[in-house]
Asks: 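Have a look at the structure that comes next, please.
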Amino acid sequence: TRFGVAYTLTNFLFIVASTMALCAETFPDNYNRNVARWRVTEIVSVAFFTMDYALRLYAYAGAWRRFFTNTMNVIDLLSIMPFYIELFTQVAGEEVPEDFALLRILRVTRISRVFAVSKYLKGLHAFSHALYRSK
């Protein structure tokens, strides 16, 4: 359906945007000049991914065991958890530990979604095929 294609494309764009925000954090000069922009990107992306996750969980009503044992659903949960852990830590008045950056790397797991989405987008399919063949 048109809605399905639009939703898949939107999901892909959020994956790209959140990955760019994560990469930007590794370049402090760039990140510090645009902190607000990158933070808004992260918040909006995580909100979208959380909504997507919740809707898929709702669609699995009664089959939650199957939902939580699906590899892509586990990856999606692991990719949004660091944001909420950091948020709850800050709300509790605690300082986010320096080694928390390691946990935030879990957000990179979201990029694996690109390959799941690629079966719907021919250009991405060619890209993932080229990556596979370049081993």
Asks: Considering residues at least two apart in sequence or located in another chain, which fulfil the ring pair (Phe, Tyr, Trp, His ring centres under 6.0 Å) criterion with Tyr7?
Replies: Phe48
Asks: Is there a continuous path of hydrophobic side-chain contacts, each under 4.5 Å between heavy atoms, that joins Tyr58 to Tyr53?
Replies: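 In one cluster with Tyr58: Tyr53, no.
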Asks: How close do Phe83 and Val46 get, counting heavy atoms only, and between which atoms?
Replies: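 Where Phe83 meets Val46 most closely, the heavy atoms are CD2-CG1, 3.5 Å.
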Asks: For the side chain of Ser45 and the backbone of Glu42, is there at least one donor-acceptor N/O pair under 3.5 Å apart?
Replies: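 Answer holds: no.
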Asks: Report the distance from atom OG1 of Thr41 to atom CZ of Phe14, rounding to the nearest 0.5 Å.
Replies: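 If we round to the nearest 0.5 Å, Thr41:OG1 and Phe14:CZ are 9.5 Å apart.
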Asks: Using the rule that Ile, Leu, Val, Met, Phe, Trp and Tyr join whenever any side-chain heavy atoms are under 4.5 Å apart, tell me whether Leu55 and Ile15 fall into a single cluster.
Replies: yes
Asks: Can Ile80 and Asp76 be said to form a side chain to side chain contact (heavy atoms under 4.5 Å, CB included), step by step?
Replies: CA-CA 7 Å; Ile80 60 176; Asp76 289 345; over 6 Å; no
Asks: Can you sort out the partners of Tyr60 under ring pair (Phe, Tyr, Trp, His ring centres under 6.0 Å), two or more places apart, ordered by chain and number?
Replies: Phe67
Asks: Can you tell me how far the CH2 atom of Trp64 sits from the CZ atom of Arg66, to the nearest 0.5 Å?
Replies: 13.5 Å
Asks: With sequence neighbours left out, write down each residue that passes side chain to side chain contact (heavy atoms under 4.5 Å, CB included) with Val74, or none if nothing qualifies.
Replies: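 Leu78.
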Asks: To the nearest 0.5 Å, how far apart are CZ in Arg65 and CG in Asn70?
Replies: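 Taking CZ in Arg65 and CG in Asn70, the distance rounds to 14.0 Å.
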